[in-house]
Amino acid sequence: MHWLSTLDIFFVQLFLFPPLVILLGVVSALLSSRVYIGPLVTLISALELNYWYFSIILPEADIPQMMIASWAILFPLLSLYFSWMAVALAEKQTIKLFY
């Protein structure tokens with residue numbers, strides 16, 4: 001994972017990690033057929049992934065508390081919406097198969 005440290009930190013924080021962690025949450029919600037699993041998985045994976053990334057890129061710096069708060073609010077809310085839509089669509093497709 002040394003190649004990740006060669007990427008720009010803004011690119012990673014704005015374009016690489018958010019879709020990755022939200023997609024991970026939505027897929028886990030689809031697999032479990034439970035909407036609330038998506039935001040939980042998104043929150044945990046976002047915090048873990050960003051903590052790991054910052055410990056590699058900036059080992060001597062602390063992660064700003066405001067950044068943690070934004071990850072804990074914005075990403076799970078987006079994941080909740082997308083998980084809800086995906087699970088509802090999957091249930092609708094399942095109902096069509098039985099009729």
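Please read all numbers here as calculations on a predicted model, not as lab measurements. All values below come from the heavy atoms of this structure, side chains included, with hydrogens, waters and symmetry mates left out.
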For the hydrophobic clusters of this structure (ILVMFWY residues joined by side-chain heavy atoms under 4.5 Å, transitively), does one cluster hold both [X] and [Y]?
X	Y	value
L31	M85	no
Y51	F75	yes
V12	L74	yes
L14	L77	no
L47	I9	yes

Report the distance from atom CG of L78 to atom CD1 of I73, rounding to the nearest 0.5 Å.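 It is 12.0 Å, given to the nearest 0.5 Å.
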
L49 side, atom CG; F54 side, atom CZ - distance, nearest 0.5 Å: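 So the gap between those two atoms works out to 11.0 Å.
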
A86 to L30 - nearest heavy-atom pair and separation: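 Smallest interatomic distance, heavy atoms only, reads O-CD2, 3.5 Å.
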
Between L7 and Y53, the two heavy atoms sitting closest are O-OH, 4.1 Å

Please list all pairs meeting side chain to side chain donor-acceptor pair (under 3.5 Å) that have one or both residues in residues 13-30, counting only residues at least two apart or in different chains.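 Listed by first then second residue: Q13-N50.
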
Candidate list F82, Y81, W84, test side chain to side chain contact (heavy atoms under 4.5 Å, CB included), partner V35, passing option: W84

Partners of [X] by side chain to side chain contact (heavy atoms under 4.5 Å, CB included), sequence neighbours excluded?
X	value
E91	V87
S32	R34, I37
A88	none
P39	P76, S79, L80, S83

Residues 15-25 side chain polar contacts: donor-acceptor under 3.5 Å, at least two apart:
none

Can you find a heavy atom in the side chain of Q93 that is under 4.5 Å from one in the side chain of L89?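 In short, these two side chains touch, coming nearer than 4.5 Å.
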
